2 protein chains.
Amino acid sequence: MPETTTPTTRESKHQATALRVERNAVRLVLRHGFDNVTVDMICEASEISQRTFFNYFKTKDAAVIGADVPHVDEAKAREFISSDSDLLAELLTLMMTMAANLNFDEKLMTDRIIVFGQNPDLMHKQMERMTRVTAEVTELVYLRIRRAAGQPPVEQAGVEPAVLEQDLRDQAELLTNAIMGVLRFVATRWIPTPDSAAMPGASGSSEGQVAPSREQVLEHALSLLRRTLRTP
Amino acid sequence: MPETTTPTTRESKHQATALRVERNAVRLVLRHGFDNVTVDMICEASEISQRTFFNYFKTKDAAVIGADVPHVDEAKAREFISSDSDLLAELLTLMMTMAANLNFDEKLMTDRIIVFGQNPDLMHKQMERMTRVTAEVTELVYLRIRRAAGQPPVEQAGVEPAVLEQDLRDQAELLTNAIMGVLRFVATRWIPTPDSAAMPGASGSSEGQVAPSREQVLEHALSLLRRTLRTP
DNA sequence: TCGTAAAGTGCAGTAACTGCAAAACATGGC
DNA sequence: GCCATGTTTTGCAGTTACTGCACTTTACGA
């Protein structure tokens with residue numbers, strides 16, 4: 001029962017193949033559109049059999065939007081829970097860092113975002129994935145607002161601590177879901193403008209502002225959100 | 001070119017068949033689970049050929065979640081735009097009336113909701129459908145908040161009315177997306193409790209509150225939302 | 001009652017996906 | 001270097017959702 005064998009060949013080869021397939025998938029979809037790309041095409045380009053493809057990815061979608069499921073980073077989670085500044089901003093940031101995952105392949109990531117822009121269905125799939133971790137995020141929000149409410153879990157005067165707690169849970173879930181919507185909004189603004197993708201240089205539009213950075217978009221969305229909430 | 005012919009036989013027969021298929025689809029899915037129900041099974045139960053099935057419904061999903069796409073009612077839209085009371089509440093109500101559509105078959109509707117509860121994928125599909133009308137709703141919200149802001153479309157002092165208008169559009173879109181999240185939350189609470197579905201009478205749980213009505217759930221969500229927004 | 005257009009159907013084909021069992025391969029012990 | 005062993009890859013056959021096309025049946029208006 002050899003524990004940590006050579007930490008490489010087996011696993012790294014697997015990862016290399018997965019990455020190659022994902023790249024080919026995204027490239028092909030970018031060129032021909034999702035519906036016009038068959039699994040066989042991706043397989044041929046990646047030099048694997050169809051059966052192997054489905055060993056790597058559960059669905060055709062998965063190859064295009066990426067195999068790795070969004071998840072919450074431990075450290076960030078702790079930081080989030082114990083912070084006391086802007087809840088909305090920090091929650092939104094947290095969820096964005098989940099979406100843009102560990103993948104350090106910059107090209108692949110931006111290409112993917114473009115694909116999302118061109119193919120709403122895939123964007124939905126991605127959002128659907130996000131909702132799979134909703135429960136986790138909700139838990140984090142709950143822990144934070146409970147702490148902020150200054151309540152040790154079940155210590156309360158009267159007869160109904162359970163009710164109050166449930167209310168906090170509901171609030172957490174509600175907030176998480178709402179922020180998910182905001183995230184969707186942010187995502188749409190985040191997609192590279194068709195112009196900027198085509199022409200890095202000035203093509204005719206006056207401003208040199210190539211494509212809004214994540215931070216810019218997020219900041220804009222937040223200020224907008226705050227203003228919106230203040231109005232009614 | 002006869003305009004309004006007999007308003008019945010042709011069309012009503014079509015609707016009757018569609019309804020029959022939907023009922024069978026929901027019934028079968030409820031009994032066996034979505035993945036264990038084939039289109040052929042639905043066809044056999046409904047006494048139509050598979051080819052006809054796909055003439056009625058684009059996908060297997062469509063038969064289960066219903067053929068009719070959510071849409072905004074003209075009258076309600078106008079009412080919404082010109083109202084000045086609680087924006088959040090009215091927007092949420094508007095979207096809920098979209099989801100629960102014209103179908104007057106009570107049984108079918110509740111069964112469907114149960115199906116949604118048992119099969120998250122279908123719930124997602126339904127939400128995805130909702131997002132298809134996001135643009136429309138956004139437009140309504142925009143019209144309302146623009147009116148509330150007291151701005152006739154493009155009449156403004158300085159050089160940047162376009163910017164202000166775009167900001168209002170962004171606000172509308174953001175709000176719509178966020179409310180969609182709230183709607184999702186409401187939906188989860190809306191699903192009949194497994195208990196109440198099984199046993200109408202008292203089975204052991206103390207309260208006689210069988211299942212929260214739509215109004216109750218909505219009211220709860222709204223009060224929760226308001227409290228949540230006041231806190232941070 | 002008949003002609004026409006619409007609705008329903010059979011059939012053949014494509015594409016995503018699954019299970020199974022054989023083949024190819026990598027790895028560690030000798 | 002070579003063999004035993006477990007893992008990965010693959011081929012193959014089958015299922016299911018879905019589509020286009022051509023043909024039959026049906027409903028409707030004249």
Side-chain angles (χ1 to χ4, degrees), chain A residues 1-22 24-26 28-29 32-67 119 121-122 124-125 128, chain B residues 1-22 24-26 28-29 32-67 115 119 121-122 124-125 128-129:
Chain A
M1 207 182 285
E3 271 297 300
T4 48
T5 61
T6 32
T8 37
T9 328
R10 214 90 164 201
E11 188 182 357
S12 77
K13 198 172 181 179
H14 192 276
Q15 273 197 276
T17 303
L19 188 60
R20 180 160 36 91
V21 174
E22 287 185 19
N24 281 319
V26 169
L28 286 171
V29 169
H32 303 112
F34 185 77
D35 291 335
N36 298 320
V37 174
T38 70
V39 172
D40 282 338
M41 288 166 69
I42 303 174
C43 292
E44 196 183 359
S46 311
E47 297 178 292
I48 57 172
S49 73
Q50 201 204 51
R51 199 59 190 77
T52 304
F53 176 93
F54 283 112
N55 284 340
Y56 275 77
F57 304 94
K58 280 192 187 164
T59 64
K60 177 181 159 190
D61 304 327
V64 180
I65 71 183
N119 196 318
D121 278 9
L122 290 180
H124 287 323
K125 288 267 165 59
E128 189 185 323
Chain B
M1 207 180 282
E3 270 298 299
T4 48
T5 62
T6 31
T8 39
T9 328
R10 211 91 158 201
E11 189 181 357
S12 78
K13 196 171 182 181
H14 193 275
Q15 273 197 276
T17 303
L19 188 59
R20 180 161 35 92
V21 175
E22 288 186 17
N24 282 318
V26 170
L28 287 170
V29 169
H32 303 112
F34 185 76
D35 291 335
N36 298 321
V37 174
T38 70
V39 172
D40 283 337
M41 287 166 70
I42 303 174
C43 292
E44 196 182 0
S46 311
E47 296 178 293
I48 58 172
S49 73
Q50 202 204 51
R51 197 62 189 78
T52 303
F53 176 93
F54 283 112
N55 284 341
Y56 275 78
F57 304 95
K58 280 192 186 161
T59 63
K60 177 181 158 190
D61 303 328
V64 180
I65 71 183
V115 166
N119 196 320
D121 279 10
L122 290 179
H124 284 126
K125 288 267 165 59
E128 189 185 324
R129 271 194 183 179

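In what follows, chains are A, B, ... by sequence order, proteins preceding strands, each numbered from 1. None of the values given here were measured: they were computed from a predicted structure.
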inquiry  = Rounded to whole Å, please give me the gap between CZ in A:Phe53 and P in C:dT18.
reply    = 11 Å

remark   = Ordered by number, residues from residues 35-48 of chain A within less than 4.0 Å of DNA chain C (heavy atoms) are A:Val37, A:Thr38, A:Val39

task = Give a yes/no answer on whether the side chain of B:Lys13 brings an N or O atom under 4.0 Å of OP1 or OP2 in C:dG8.
result = no

inquiry  = Main chain of A:Ala67, side chain of A:Glu22: is a donor-acceptor contact present, judged purely on distance under 3.5 Å?
reply    = yes

query = How many Å lie between CD on B:Gln50 and P on C:dA7, as a whole number?
reply = 20 Å

task = Ignoring backbone atoms, establish whether A:Ser49 has a side-chain N or O less than 4.0 Å from OP1 or OP2 of D:dT9.
result = no

inquiry  = Tell me the interatomic distance from B:Phe57, atom CZ, to C:dG8, atom P, rounded to whole angstroms.
reply    = 12 Å

query = Between B:Asn55 (CG) and C:dT9 (P), how many Å, whole number?
reply = 9 Å

key: d(CZ, A:Phe54; C1', D:dT10) in whole Å   = 14 Å

What's touching nucleotides 20-22 of chain C from the protein side, N or O pairs under 3.5 Å?
none

remark   = One should read off an interatomic distance between B:Ile65 CD1 and B:Thr59 OG1, to the nearest 0.5 angstrom, of 7.0 Å

ask   = Are B:Tyr56 and C:dA7 close enough that a side-chain N or O sits under 4.0 Å from OP1 or OP2?
value = no

ask   = Who passes side-chain hydrogen bond (donor to acceptor under 3.5 Å, both in side chains) against B:Lys60, sequence neighbours left out?
value = none

